[in-house]
Novice: 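Have a look at this one before I ask anything.
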Amino acid sequence: MDGVIASAGAPDHRRPTWIEIDPGALAGNYRAVRELVGAEVEAMAVVKANAYGHGAIPCALRLRGEGARWFCVAIPEEAAELRSAGIVDERILCLGGAWGEQVAWCVSARVTPVIYRLDTAQAFDRAARERGVIADVHLEIDTGMNRLGVRHDQTAEFARALAGLKNLRVEAVMTHFAAADEPARDEFTRNQIARFDDAFAAVRAAGHEPAMRDLANSAGVYAHAAARGSAVRPGGVLYGLWRDVLPPSDVPPAGVRPVMSWKSRATLVKEVGAGETIGYGCSHRTTRRSCIATLPVGYADGYPRALSNRGRVIVHGQFAAVVGRVSMDLTIIDVTGIDREVHADDLVTLVGTDGASSISAEELAAEAGTISYELTCGIGARVPKIYMEG
Ligand SMILES: *Cc1c(COP(=O)(O)O)cnc(C)c1O
């Protein structure tokens with residue numbers, strides 16, 4: 001399984017740095033979204049980028065157990081992983097597109113592409129004809145993000161061209177929000193919805209009968225009920241990420257819990273004198289006799305170097321500061337103030353809860369000047385993932 005060291009000759013024991021994934025929380029978050037949108041709205045589960053770093057295969061299998069019938073990935077490579085893992089009957093939507101030979105593979109593997117280029121649509125039509133099938137495609141409309149999608153004001157022309165491709169069926173029309181999480185930009189989002197409604201009508205006027213209309217990412221689901229359409233595409237909120245995903249709030253959305261914790265164990269604890277410097281570049285100087293612990297985790301594992309001299313971790317339920325620079329494989333923390341003496345091999349929580357203290361992925365990311373998605377996606381393959389069933 002992904003991230004788990006199982007190759008021949010690998011040591012039985014692992015460096016004590018790992019991620020814990022709570023599949024029950026993932027399932028609960030999916031149920032929370034389903035409850036919110038109601039049974040008539042399809043909740044497509046976004047599992048791109050290895051399920052935002054949580055492990056696409058175990059997450060998709062668990063979500064399938066909860067009734068997910070659609071999975072969204074970014075690229076056909078990710079769809080192939082799911083198909084090989086036995087996700088064969090469920091639908092897979094490829095949000096990013098398909099390139100070259102991937103087109104024919106998608107048709108054979110019944111992986112549904114998001115279409116925004118006529119030449120790609122023609123390639124899908126050709127591949128479908130060669131196989132004697134009708135391929136479903138989802139047409140993406142760019143309603144203002146100016147990223148992927150057919151420009152909203154060119155929808156009619158594009159839809160007419162698609163109508164000539166007899167081996168394609170436009171199953172869905174979709175768009176993506178630029179700022180659904182920002183209340184100050186609600187007018188912009190409402191404008192995206194209005195443009196989408198016009199585009200949807202133009203697609204129908206060109207003779208297509210799309211069965212699905214979907215707009216909403218996590219923020220759209222929670223902040224713009226008008227945008228739920230017939231399907232939604234939540235990603236982040238499934239993984240319990242909401243503080244930097246949904247409109248600003250102090251309370252988690254009902255039923256949503258974090259899925260990932262990140263843990264390590266001190267590999268060495270030592271006393272250093274007052275006035276000594278710590279780590280590369282001598283960027284931290286102790287002001288008192290200090291107790292310093294080294295953790296076997298660094299920026300090569302995805303622990304951001306930007307946390308040098310500003311991050312914090314939890315030891316024995318209390319916060320301890322990251323001191324000095326985060327290095328490639330190691331991070332140094334100051335445990336001087338911790339009540340209970342800290343020893344080598346003691347548990348350290350980088351993300352998660354220990355006793356009364358918690359560090360969320362969102363908080364850690366903000367401290368590093370980024371967002372939770374970049375943090376969780378960036379956790380390295382050498383960090384094993386442990387799935388805590390039950
Ligand atoms: C990533 C993505 C989503 C999910 O977004 P979240 O903010 O994680 O909910 C939905 N739709 C598209 C097109 C995406 O690329």
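On a predicted model such as this, the values are computed, not experimentally measured, just so you know. Heads up: numbering here begins at 1 and tracks the sequence. Every number for a ligand or one of its atoms is a count from 1 in the order of the listing.
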Novice: Checking the N or O distance criterion of under 3.5 Å, is ligand 1 in contact with Gly235?
Specialist: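 Right, the criterion is met.
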Novice: Within the 4.5 Å heavy-atom criterion, are Val322 and Ile333 side-chain neighbours or not?
Specialist: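 Touching, per the 4.5 Å side-chain cut-off.
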Novice: Write out the residue and atom name of the closest protein heavy atom to atom 9 (O) of ligand 1, then the distance separating them to 0.1 Å.
Specialist: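 Among all protein heavy atoms, the one nearest atom 9 (O) of ligand 1 is Ser218 OG, 2.5 Å.
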Novice: Between Leu165 and Phe124, is there a side-chain heavy-atom distance shorter than 4.5 Å?
Specialist: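 No. Closest side-chain heavy atoms not under 4.5 Å.
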Novice: Answer yes when Arg15 and Asp329 have at least one side-chain N-carboxylate O distance shorter than 4.0 Å, and no when they do not.
Specialist: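 No, no charged N to carboxylate O under 4.0 Å.
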Novice: State the atoms of ligand 1, each with its element, that fall below the 4.0 Å cut-off from a heavy-atom position in Gly236.
Specialist: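 Close to Gly236: 6 (P), 8 (O), 9 (O).
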Novice: What protein heavy atom sits nearest atom 5 (O) of ligand 1, and how far off is it?
Specialist: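 Looking at atom 5 (O) of ligand 1, the protein heavy atom closest to it is Asn217 CB, 3.5 Å.
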Novice: I'd like to know if Arg160 pairs up with Glu157 as an ion pair, taking the criterion as any Lys NZ or Arg NE/NH1/NH2 lying under 4.0 Å from an Asp or Glu carboxylate oxygen.
Specialist: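 Looking at Glu157 together with Arg160, the answer is no, because their closest N to O distance does not fall below 4.0 Å.
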Novice: Regarding Glu78 and Lys48, does a basic nitrogen lie under 4.0 Å from an acidic carboxylate oxygen?
Specialist: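 Judged by the 4.0 Å cut-off on N to carboxylate O distance, Glu78 and Lys48 do not form a salt bridge.
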Novice: Looking at Trp242 versus Tyr222, is the centre-to-centre ring distance below 6.0 Å?
Specialist: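 No, the ring centres sit 6.0 Å or more apart.
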Novice: Report the part of Leu95 (side chain from C-beta onward, or backbone N, CA, C, O) that has a heavy atom under 4.0 Å from ligand 1; answer both or neither where that applies.
Specialist: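 Near ligand 1, Leu95 shows its side chain, while the N, CA, C and O stay back.
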Novice: Please report which non-hydrogen protein atom sits nearest to atom 8 (O) of ligand 1, along with the residue it belongs to and the distance in Å to one decimal place.
Specialist: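 Closest protein heavy atom to atom 8 (O) of ligand 1: Tyr52 OH, 2.5 Å.
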Novice: Inspect the contact between Arg151 and Asp142 and indicate whether a charged nitrogen and a carboxylate oxygen are less than 4.0 angstrom apart.
Specialist: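 Answer for the salt bridge query: no.
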Novice: For atom 11 (N) of ligand 1, which protein heavy atom lies nearest, and how many Å away is it?
Specialist: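 The closest heavy atom on the protein side is Arg233 NE, 2.9 Å.
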Novice: Have a look at Met174, Arg147, His176 and point out the one with the heavy atom closest to atom 12 (C) of ligand 1.
Specialist: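 Among Met174, Arg147, His176, the closest heavy atom to atom 12 (C) of ligand 1 belongs to His176.
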Novice: For atom 6 (P) of ligand 1, grab the closest protein heavy atom and report residue, atom and distance to one decimal in Å.
Specialist: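 Going by distance alone, atom 6 (P) of ligand 1 is nearest to Tyr373 OH, 3.3 Å.
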Novice: Side chains of Leu26 and His54: does their closest heavy-atom pair fall under 4.5 Å?
Specialist: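 A side-chain contact under 4.5 Å is absent here.
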Novice: Is the contact between Pro234 and ligand 1 made by the side chain, the backbone, both, or neither, using heavy atoms and a 4.0 Å cut-off?
Specialist: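 The part of Pro234 near ligand 1 is the backbone, not the side chain.
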Novice: Do any nitrogen or oxygen atoms of Lys48 come within less than 3.5 Å of a nitrogen or oxygen of ligand 1?
Specialist: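 Between Lys48 and ligand 1 (N or O atoms, distance only) the closest approach is under 3.5 Å.
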